[in-house]
Novice: 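Dropping a structure here in structure tokens format, bear with me for questions.
Chain naming here is simple, since letters A, B, ... match the order of the sequence lines and numbering starts at 1 in each.
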There are 2 protein chains.
Amino acid sequence: MATQTAAERRAEAKRKYNAYVAECPTRQLLDAISDKWVSLIFTALADGPLRYGELSRTIAGVTQKMLTQTLRRLQRDGLLTRTVTADVPVQVEYRLTALGASLLPVMRALQDWAESHMDEVLVARRGHRTGGSAEHVVDVAA
Amino acid sequence: MATQTAAERRAEAKRKYNAYVAECPTRQLLDAISDKWVSLIFTALADGPLRYGELSRTIAGVTQKMLTQTLRRLQRDGLLTRTVTADVPVQVEYRLTALGASLLPVMRALQDWAESHMDEVLVARRGHRTGGSAEHVVDVAA
DNA sequence: CGGTATCCTTGCCGATACTG
DNA sequence: CAGTATCGGCAAGGATACCG
């Protein structure tokens, strides 16, 4: 039984976990990584580990609370590691794990999409006000 | 002006942050598509258009309010179309636009990742309680 | 069938103060 | 430097009732 490849195990996991079922823990995981700070943290750590202060400065606008909270959750889920060097002053380094690195391309794709299609979305929003092109009414009445 | 109170510094930081956000609306878009219902709606519509009731039944656990709200936002952003057939009973069909279809692979990748790596995350969570392997303390003291 | 409108609770999140 | 602890506002989101 131990002769199962990683791909096979993932395939089986997919059958077991169906996100369309409300009780499925995948929902929670999907919700956990569908967070606006998560993708920013991931791309910030893409090129190597960073210290807490560096992360805080890189991701403009995040509060101490939200940054710490999000980092703790990602650490708990095994997506990144937190390394403390017992020195004065204390240094804390955050680094993506292998599992976290496997999610990185997806996070990057999400950000890339947002950046490269921003124009089209803005156009759609303007068009929506003036009389939506995305609105259709089909009269089927005889 | 070195004599700046903490409140003044905070106020300036906030103005700068707001300006930054104004220049970079990508943050808002990223937040809009980083929603747990969005990815589920996208994969549900992957194989073709669906009616409101079909969507509601496919995505277990979503309330009428959240489904409608999310669909409206996606429609406004030009990611899907809403077609009403003026018949009795009324039929409303939701369909991904070309723009929406371009985001579909990313949404699918996100869900695939969540489903296929759920086991590893659960293991990480268990390990986190008993004594985290994702926790490191490096003693640098001489 | 496919919504809208309303009330109301939960918890997200920011701000502030304090610690090793 | 890198947090923890606490308070409070306010908006997201659920439940319910009603409409075209």
Novice: Which nucleotide, C/dG3, C/dG14, D/dC1, lies nearest any side-chain atom of A/Arg51?
Specialist: D/dC1
Novice: Quick one: label A/Gln64 by what it contacts on the DNA or RNA (base, sugar-phosphate, nothing), any heavy atom closer than 4.0 Å.
Specialist: base
Novice: Given C/dG3, D/dG3, C/dG14, identify the nucleotide with an atom nearest to the side chain of A/Trp37.
Specialist: C/dG14
Novice: Nearest to the side chain of A/Pro89, heavy atoms from C-beta on, is which of D/dG3, D/dA15, D/dC1?
Specialist: D/dC1
Novice: Take the protein atom CG of A/Asp31 and the nucleotide atom C1' of D/dA12, then report the distance between them rounded to whole Å.
Specialist: 12 Å
Novice: State yes or no: do B/Tyr52 and B/Val90 share one hydrophobic cluster built from I, L, V, M, F, W and Y residues joined by side-chain heavy-atom distances below 4.5 Å, directly or via other members?
Specialist: yes
Novice: Is the shortest side-chain N/O distance from B/Tyr52 to OP1 or OP2 of C/dT4 below 4.0 Å?
Specialist: no
Novice: For the residue pair A/Glu93 / A/Thr83, report whether a side-chain donor-acceptor contact shorter than 3.5 Å exists.
Specialist: no
Novice: Could you pick out which residue, A/Met66 or A/Val90, lies toward the 5' side of DNA chain C when each is mapped onto its nearest nucleotide?
Specialist: A/Met66
Novice: Between B/Arg72 and C/dT4, does any side-chain N or O lie under 4.0 Å from OP1 or OP2?
Specialist: yes
Novice: Using whole Å, what does the distance between atom C1' of nucleotide D/dG13 and atom CG of B/Asp35 come to?
Specialist: 11 Å
Novice: Please pick, from C/dC1, C/dA15, D/dA2, the nucleotide with the shortest atom-to-atom distance to any side-chain atom of A/Lys65.
Specialist: C/dA15
Novice: Calculate the interatomic distance between B/Glu54 atom CD and C/dC1 atom P; express it in whole Å.
Specialist: 11 Å
Novice: Would A/Ser39 and A/Gln111 count as a side chain to side chain donor-acceptor pair (under 3.5 Å) if you check the C-alpha gap in whole Å, the side-chain angles of each, and the deciding distance to 0.1 Å?
Specialist: CA-CA 7 Å; A/Ser39 65; A/Gln111 246 181 285; 4.5 Å; no
Novice: Following the transitive rule for hydrophobic clusters with a side-chain heavy-atom cut-off under 4.5 Å over Ile, Leu, Val, Met, Phe, Trp and Tyr, establish whether B/Val123 and A/Leu79 coincide in one cluster.
Specialist: no
Novice: If we only count heavy atoms from C-beta on, is the A/Arg73 to A/Asp35 side-chain gap below 4.5 Å?
Specialist: yes
Novice: Atom NZ of A/Lys36 to atom P of D/dA12: distance rounded to whole Å?
Specialist: 11 Å
Novice: Could you check how far CD of A/Gln69 sits from C1' of C/dA15, rounded to whole Å?
Specialist: 14 Å
Novice: Rounding to an integer number of Å, can you tell me how far B/Arg73 CZ sits from C/dG3 C1'?
Specialist: 18 Å
Novice: At less than 4.0 Å, is any side-chain N or O atom of A/Arg82 found next to OP1 or OP2 of D/dG3? Yes or no.
Specialist: yes
Novice: Please report, rounded to the nearest Å, how far the P atom of D/dG13 is from the CG atom of B/Leu71.
Specialist: 14 Å
